[in-house]
Each structure stands twice: as C-alpha cells, then as structure tokens.
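Let me begin by presenting the structure, written as structure tokens, before commenting on it.
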Amino acid sequence: MEIASIKGFRDILPEETRVWQWIETTARRVFEDFGFQEIKTPILEKTELFSRSIGEETDIVSKEMYTFDDVKGRSLTLRPEATASVVRAYIQNRPYQTYPVQKLYSIGPMFRHERPQRGRFRQFHQINAELFGDPGPKSDADMISMAVYLFRSIGLDDVALNLNSLGCSDCRPRFKEALTDYLADKVTRLCEDCQRRATSNPLRVFDCKVDSCKEVVSKAPSIDAFLCQACRDHFESVQDALSDLEIPFVLNSRLVRGLDYYNRTTFEIQTERLGAQNAVAGGGRYDGLVRLLGGPDHPAIGFAVGVERVVALIGDDHPLQDRRPDLFIAALGKAAERAAFKWAVDLRRNGLWVEVDYASTGLKSQMKKADRIGARHVLIVGEDELKTSRAALRNMLTKEQADVELKDAVNVLKEMLKDERERDGRD
Ligand code: HAM
C-alpha cells in the first residue's frame with residue numbers, strides 16, 4: 001500500500017521550488033541590505049516557550065500546536081511561529097553584549113494544526129525578521145518598509161499595508177476594561193470560547209471566525225480612542241516616517257493580530273486575491289516579550305511573511321521560471337560519448353547547465369530528449385567531428401546551426417547565452 005503524506009503537509013516539487021528559491025534569494029538580499037543577519041533556530045522547543053509568549057488564550061496555543069511528550073516525559077512543541085524561538089536564542093546567547101541593536105532573520109517551516117484550505121496549511125513556511133534593542137518609531141518604519149520593499153522586489157504591488165497601534169501597559173488596560181464592559185451583556189451571543197475570553201482576554205474575541213462573534217465585535221469600541229499620549233506620539237511618528245518614504249498605508253483599528261505579545265505598532269500586509277486567507281505578512285512591536293521570557297528589558301519588533309501565500313500570488317511570473325539547460329551534447333559512438341562526458345563536466349565548471357545522454361542512443365532519440373528537457377542548444381559530436389575538431393551547434397529555439405571549433409565551444413556558447421539573456425531581459 002502506498003504511504004501518502006499527512007493532511008495539511010505537502011511536497012513542494014521542482015516546478016514550484018524555483019519560485020521559492022527566487023523569493024528566498026530576494027528576501028536575503030533585501031534583508032541583508034537593511035543590515036539583517038540570518039539565524040537558524042531549532043524546529044522543536046519546550047512547550048512553555050510558546051504558551052508563555054504567544055498566550056494561553058490564543059487559537060494557536062489553545063488549539064493548534066503539535067505538542068507531544070518525548071521519551072523522558074518532557075512536553076515539546078513543533079514551533080508554530082519563529083518569534084518565540086528567536087527571542088529565546090537572543091536571551092540564551094546574549095548577542096546584545098557585543099552590539100546592542102540586533103537584526104535577525106530566519107526562513108523555515110512552522111506547524112499549526114489548523115483546518116487546511118486554500119492558503120492555509122499545517123506545515124507552512126515563514127520568512128521572519130526581528131529587530132531587538134531599539135524602542136523608537138524609526139525602527140518600526142524601518143521594519144515595515146523592509147517588508148514593503150520585499151513585496152515590491154518580488155513584483156507584488158497590489159498588496160495593502162494595514163496599520164494599527166495596540167497601546168502599551170498604561171493605556172491598553174483601559175481599552176480592555178471598555179471591551180469587557182461592552183461584551184458583558186452580549187456573552188450569550190458569543191461562542192463558547194469567546195464567552196470565556198470575554199473576561200479572561202477580551203482582545204482575542206476580535207480573532208474569532210464565528211459569525212455571531214464577528215457581528216458582536218463589529219460594533220465594539222476601538223483601541224484608537226484609548227491610546228495614551230506617548231503611544232499616540234509614537235504611532236504618529238511611524239506614520240510620518242512611512243509618508244516620508246512614500247509608503248501608502250491604511251489605518252485599521254480592528255487589527256489586533258492573533259498573538260498576545262504585541263504592543264504599540266502592529267501591521268499586516270493583505271491581499272484581496274487569496275479569499276479568506278488575506279494576510280501575506282504580519283507583525284508588530286513586542287517590547288515586553290524578552291523580559292517576560294526571563295531576559296533583559298529590551299524592546300523588539302518583527303514580522304513574518306507567509307511563503308505559500310506569496311508563492312500563490314506570484315504564480316508563474318518570475319525570472320527563474322524559464323530556467324532550462326544551456327546545452328545538450330548529443331554524442332554518437334563510444335569515443336564521442338567519452339569526450340562528451342568530459343566536456344559536460346568542464347562546461348559545468350564554467351557555469352553552464354549541460355546535459356548528456358546516459359544511455360547510448362541514436363541521434364534522433366537524443367534530439368528528442370534535448371527537445372523534451374528544453375535545452376537551448378545542442379552540440380552534435382560523432383567520429384568525424386572528433387577528427388576535424390569542429391561540430392554543429394544548433395540553437396533549438398531559432399533552429400539556426402553554426403559550425404564551431406570544439407575548443408572554442410565554451411566561449412561561443414557563453415557569448416550566445418549572454419546575447420540571449422540580454423535580449424530576453426534575464427540577468
Ligand atoms: P502570524 O500572523 O501568525 O504572525 O503569521 C505570519 C504570516 O504567516 C501570516 O500573515 C500568513 O501569511 C502566514 N501563515 C500563518 N499561518 C499560516 C498557515 N496555517 N498556512 C499558511 N500560511 C500561514 C506570526 O507568526 C508572528 N510570529 C509574526 C511576527 C514576527 N511578529 C513579530 N515578529
């Protein structure tokens with residue numbers, strides 16, 4: 001019997017990994033230009049790392065974590081997000097002792113036991129960035145602009161930046177109180193989870209997908225009316241900086257995000273092209289988390305991009321789409337096969353993608369194969385060609401054929417490929 005993959009977990013096949021590579025390469029380039037360095041943290045962590053940081057009342061912690069006991073009975077969890085792990089690593093390795101502002105990015109799989117649907121998987125991937133050690137609005141604007149530039153660099157301009165402030169430990173309690181009061185006489189209209197949340201963690205009612213809960217919160221008070229002067233000033237400075245950078249944004253006072261650790265600036269990059277799963281990236285400031293997890297009182301801000309959703313938005317329209325072999329060497333006869341095998345390796349070491357036939361087949365079958373794999377050029381070599389040191393180089397797109405000196409083949413090919421690339425506008 002065939003063994004299939006688990007529901008919500010999927011293979012990413014070569015046709016698709018090209019776009020993934022392009023997105024990841026672009027992210028690395030953009031992030032490194034902003035001074036970020038890569039960090040790799042484990043996929044498995046102690047469960048309490050996530051429950052303490054993301055919050056017991058969140059959907060992620062209360063319903064969606066892959067948690068199990070190891071052989072020693074310790075509770076472990078497959079990471080549902082990267083922030084908690086990066087904060088743990090920051091506290092554990094103390095990089096701030098060398099340099100107080102730390103900018104870290106990471107790329108990798110996350111795990112959430114959600115109901116799979118379009119744009120939502122149980123194993124999905126995030127490109128994640130975190131900045132530690134600066135409390136000011138400039139670092140908020142820097143982070144947000146980095147996310148926006150990443151989207152522009154991969155050609156996604158039709159996304160909207162949503163912005164909100166969730167206040168701080170001074171002003172948020174007043175908002176929570178107002179929200180609790182508002183929900184008090186409406187609890188019977190809330191789902192079972194939200195009835196509990198209405199008193200324990202009322203902000204989480206905003207995340208609920210149940211229609212009756214959505215209707216109740218639609219008329220709830222909004223946070224913007226409760227911000228203290230310091231949070232108001234901070235938020236205005238973030239908006240001014242974004243305006244200076246000519247980055248358009250939409251103020252969205254309902255944007256509370258699904259994780260408990262946020263304060264002040266929160267943001268999401270949204271699209272209308274993916275149905276219900278409209279967030280392609282999300283993040284915000286989390287000034288209290290490092291201390292909450294036992295570290296120093298250092299502020300932080302970050303965001304994560306959902307790679308599957310970005311891939312779905314890009315489709316086939318990306319520069320690596322047309323990657324195919326530069327050359328196929330069709331060799332006829334034992335001596336030519338041996339020479340072709342050696343040339344292929346030499347040419348590859350010169351930066352060309354070269355294919356040869358492993359089975360000794362005739363010219364017709366080799367030409368068919370070259371065509372099927374989309375080779376740009378075919379070099380045809382037999383006994384005569386070896387003797388004269390000249391061979392036919394066929395351009396498979398234009399069908400033009402040139403007679404080339406074998407020892408010049410690398411240079412001729414390189415020139416041809418350079419011209420083609422320039423003509424097609426490829427790098
Ligand atoms: P998040 O909003 O939970 O934030 O996730 C960020 C992004 O990951 C979402 O906008 C979405 O694109 C993608 N995503 C989330 N769940 C799924 C899923 N089941 N399937 C596919 N894509 C998904 C965080 O995770 C925070 N740690 C972001 C952050 C970093 N905040 C500060 N630093």
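For ligands, and for the atoms within them, numbers begin at 1 and follow the listed sequence. Because only heavy atoms are used, hydrogens play no part in the values below, and waters and symmetry mates are left out as well, while side chains stay in.
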>> Does any N or O of ligand 1 fall below 3.5 Å from an N or O anywhere on Glu268, backbone included?
In response: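 No - when backbone and side-chain N and O of Glu268 are compared with those of ligand 1, no distance drops under 3.5 Å.
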Open item on the list: Using a plain distance cutoff, I'd like to know if Arg112 has any nitrogen or oxygen under 3.5 Å from a nitrogen or oxygen of ligand 1.
Closed with: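 In this structure, Arg112 places an N or O atom under 3.5 Å from an N or O of ligand 1.
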So, are Lys63 and Asp193 salt-bridged, with charged N and O less than 4.0 Å apart?
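Yes, Lys63 and Asp193 are salt-bridged.
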Contacting atoms of ligand 1, where contact means under 4.0 angstrom from a heavy atom of [X]:
X	answer
Gly119	20 (N), 21 (C), 22 (N)
Tyr262	26 (C), 28 (C), 29 (C), 31 (N), 32 (C)
Tyr261	26 (C), 27 (N), 31 (N)

Q) How far apart are the closest heavy atoms of Ala330 and Val378, and which atoms are they? A)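 Shortest heavy-atom separation between Ala330 and Val378 comes out as CB-CG1, 4.0 Å.
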Please work out, at 4.0 Å between heavy atoms, whether the side chain, the backbone, both, or neither of Ala281 comes within that distance of ligand 1.
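Looking at Ala281 and ligand 1, just backbone atoms fall under 4.0 Å.
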If I take atom CD from residue Gln366 and atom CD1 from residue Ile329, how far apart are they, to the nearest 0.5 angstrom?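 Between Gln366 CD and Ile329 CD1, I get 10.5 Å after rounding to 0.5 Å.
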*asked:* Taking the six-membered ring for Trp, are His113 and Tyr66 closer than 6.0 Å centroid to centroid?
replied: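 Judged by ring-centre distance (under 6.0 Å), His113 and Tyr66 do meet the cut-off.
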- Message: Could you identify the single nearest non-hydrogen protein atom to atom 12 (O) of ligand 1 and state the distance to 0.1 Å?
- Response: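 Nearest neighbour among protein heavy atoms for atom 12 (O) of ligand 1, to 0.1 Å: Ala279 O, 2.9 Å.
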Practice task
Would you please say whether a donor-acceptor pair under 3.5 Å links the side chains of Thr83 and Glu130?
Solution key: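 Side chains of Thr83 and Glu130: pair found under 3.5 Å.
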| task | From atom 2 (O) of ligand 1, work out which of Arg257, Glu308, Glu81 has a heavy atom at the shortest distance. | result |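 Going through Arg257, Glu308, Glu81 one by one, Arg257 has the nearest heavy atom to atom 2 (O) of ligand 1.
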